[in-house]
Amino acid sequence: QVQLVESGGGLVQPGGSLRLSCAASGFRLDGYGIGWFRQAPGKEREGVSCISSSDGRTYYAESVKGRFTISRDNAKNTVYLQMNSLKPEDTAVYYCATGAFTATMKSDEYPYWGQGTQVTVSS
């Protein structure tokens, strides 16, 4: 059974940093695209970043370019999201997803999802 577990969320001040992790079991991440999504209260889920399974290319939402970095460690079967220069508008529950055949920001392409981790940016 596929299981994705996000961790690393918490409360930080504006301008601070967090590193999110997504550990997978029952599924190999190295052969598929992986995405990070987020959902704030009262808002729809939006794509944040994704990484290609074939060549490691990365993609980012315009709102996080230059601040967030996605990476993967195939040996640990884990994907990461390094978040720097955090803003209050980054506050949301962050989800990782996998199983897409390519890197995509379309949530419908991902059959497997984690339970989410809360990120709160506030002074």
Would you say Thr78's side chain and Lys76's backbone share a donor-acceptor pair under 3.5 angstrom?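 Side chain of Thr78 to backbone of Lys76: a pair is present.
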
Using the ring-ring contact (aromatic ring centres under 6.0 Å, His included) rule, collect all pairs that involve residues 69-104, keeping only residues at least two apart or in two chains. none

Which residue pairs pass the ring-ring contact (aromatic ring centres under 6.0 Å, His included) test when at least one of the two sits in residues 14-72, sequence neighbours left out? Phe27-Tyr32, Phe27-Tyr112, Phe37-Tyr110, Phe37-Trp113

Sequence-distant partners of Cys22, disulfide bond (SG atoms under 2.5 Å apart), two or more places apart: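 Checked Cys22 against disulfide bond (SG atoms under 2.5 Å apart); matches are Cys96.
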
What residues, two or more places apart in sequence or in another chain, satisfy side-chain hydrogen bond (donor to acceptor under 3.5 Å, both in side chains) together with [X]?
| X | result |
| --- | --- |
| Lys65 | Glu62 |
| Gln39 | none |
| Asn77 | none |
| Thr120 | Gln118 |

Give me the atom names and distance for the closest heavy-atom approach of Ser17 to Val12.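 What the structure gives for the nearest pair is O-CG1, 3.9 Å.
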
Tell me which pairs pass salt bridge (charged side-chain N to carboxylate O under 4.0 Å, His left out) where either residue lies in [range], with sequence neighbours left out.
| range | answer |
| --- | --- |
| residues 44-61 | Arg38-Glu46, Asp55-Arg57 |
| residues 105-123 | none |
| residues 1-28 | Arg28-Asp30 |

Carefully, step by step, assess Val121 and Gln13 under the rule side chain to side chain contact (heavy atoms under 4.5 Å, CB included). CA-CA 5 Å; Val121 184; Gln13 293 184 333; over 6 Å; no

Residues joined to Leu11 in its hydrophobic cluster, side chain to side chain under 4.5 Å directly or through other members, sorted by chain and number, are none

Arg72: salt bridge (charged side-chain N to carboxylate O under 4.0 Å, His left out) partners, not counting sequence neighbours: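 By the salt bridge (charged side-chain N to carboxylate O under 4.0 Å, His left out) rule, Arg72 matches no residue at all.
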
